[in-house]
Structures are given as C-alpha cells and as structure tokens.
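Here is the structure we will look at, set down as structure tokens.
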Amino acid sequence: QVQLVESGGGSVQTGGSLSLSCAASGLTDSVTCMGWFRQAPGKEREAVAGLWISATRVSSEIYYADSVKGRFTITADNAKNTMYLQINNLKPEDTAKYYCAAVSPRSLSGGYCYGFTEWGTSANWGKGTQVTVSS
C-alpha cells in the first residue's frame with residue numbers, strides 16, 4: 001500500500017521560502033510518476049510540478065505550472081523515495097494546501113505522467129501540508 005507523507009509547510013511573509021518534502025513508501029512499480037499539487041480555499045486543485053522516478057534515476061523531464069516557473073524547484077531522491085519542492089519568492093497567491101501524489105504511468109493514458117487530469121482517481125495522495133503567505 002502506497003503511503004505519502006508531506007512535511008515542511010508553514011507561514012511565511014511575501015518573498016520568503018519554504019522547503020516541502022514528501023516521503024513515499026510502498027512504491028512497487030518500476031517507474032512512478034510523482035507530483036505536487038495545491039488547492040486554495042474555493043479553488044480547484046492544480047498541479048504545480050511533476051517528475052518521475054525509477055530505481056536508478058530521476059527524470060530530467062520536469063513539469064512546472066506557468067504560475068510557479070522560476071520560483072519552484074521539484075527534485076527527488078529515488079534511493080530514498082522522497083520528493084522535494086523548494087519554493088522561493090513566495091506570494092500570497094501561493095497560499096494553499098500542498099499535496100504530494102504518486103501514480104503508476106500504467107494507470108494513465110499513454111503512460112504520460114503529466115496528464116494531471118487523470119491523477120484524481122488513479123493516484124495515491126498524501127494528507128497535505130499548509131502553506132500560508134502573508135503580505
């Protein structure tokens with residue numbers, strides 16, 4: 001059973017930084033798509049960054065939402081099954097609950113990790129960590 005545990009959220013002022021972590025256990029596929037999502041009150045959940053990992057490597061192909069490019073950096077340590085999200089230059093509009101998710105590409109159309117609309121029903125999700133940015 002896949003379990004995902006996020007950590008690292010908090011409250012910061014505009015321009016501040018946070019580092020989020022997602023520890024995954026129970027991953028059994030040879031390749032796992034992993035991603036960070038966020039959901040603000042009254043808004044739909046959105047994908048902010050994604051990559052895939054295998055036993056031997058982390059993908060060089062990385063996805064970022066346009067709204068976070070240049071400020072967010074997603075990385076992973078495949079040996080530790082841990083994914084990270086470095087968030088710099090935080091803005092009030094980044095305030096949201098941030099979720100980690102993992103899914104097998106076999107569960108996605110064409111095995112494409114970055115078709116995020118399919119993740120909702122197929123992926124495993126963490127419980128989330130709150131990020132609050134004050135102006």
| message | Please evaluate residues E118 and Y112 with respect to the criterion side chain to side chain contact (heavy atoms under 4.5 Å, CB included), reporting the C-alpha separation (whole Å), side-chain torsions for both, the decisive distance (0.1 Å), and the verdict. | response | CA-CA 10 Å; E118 297 181 67; Y112 181 60; over 6 Å; no
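- Atoms CZ and CD, from R38 and E93 in turn, are 8.0 Å apart once rounded to the nearest 0.5 Å.
- In this structure, the separation between CD1 on I62 and CZ on F72 is 15.0 Å, given to the nearest 0.5 Å.
- We find the CG-OG distance between L27 and S54 to be 11.5 Å, quoted to the nearest 0.5 Å.
- Within 6.0 Å of the CD atom in Q13, the count of heavy atoms belonging to other residues, nucleotides or ligands does not exceed 12.
- A102 and L4 make their closest contact through N-CD1, 3.6 Å (heavy atoms, listed as atom of the first residue, atom of the second, distance).
- Note on D94 versus K91: no salt bridge recorded, every NZ/NE/NH1/NH2 to OD/OE distance being 4.0 Å or above.
- D29 contributes no side-chain N or O that, together with a main-chain N or O of V31, makes up a donor-acceptor pair within less than 3.5 Å.
- Listed for the T14 side chain is a donor-acceptor partner under 3.5 Å among the backbone atoms of S134.
- Remark: side-chain polar atoms of Y98 are not paired, donor with acceptor, to backbone N or O of V48 under 3.5 angstrom.
- Taking all atoms of both residues into account, the shortest heavy-atom contact from S17 to N89 is OG-N, 4.2 Å.
- Checked by atom type and distance alone, the side chain of T95 pairs as donor or acceptor with a backbone atom of V133 at under 3.5 Å.
- The side-chain heavy atoms of T73 and Y84, taken from C-beta on, include no pair separated by under 4.5 Å.
- The aromatic rings of W125 and W119 lie perpendicular to each other, with more than 60° between the two planes, well past the 30° mark.
- Atom CD of residue Q3 and atom CG of residue N81 lie 13.0 Å apart, to the nearest 0.5 angstrom.
- How far CH2 of W36 is from CG of L51: 10.5 Å, rounded to the nearest 0.5 Å.
- Under the 3.5 Å distance criterion, the side-chain polar atoms of Y64 are matched with a main-chain donor or acceptor of I74.
- Annotation: the span from R57 atom CZ to W52 atom CH2 amounts to 4.0 Å, rounded to 0.5 Å.
- A side-chain donor from one of Q86 and S19 sits under 3.5 Å from a side-chain acceptor of the other.
- Counting only heavy atoms from C-beta outward, the side chains of T32 and V2 never approach each other to under 4.5 Å.
- The backbone N or O of A55 lies less than 3.5 Å from a partner atom in the side chain of N78, making a donor-acceptor pair.
- Between the E6 side chain and the K127 main chain, a donor and an acceptor come within less than 3.5 Å of each other.
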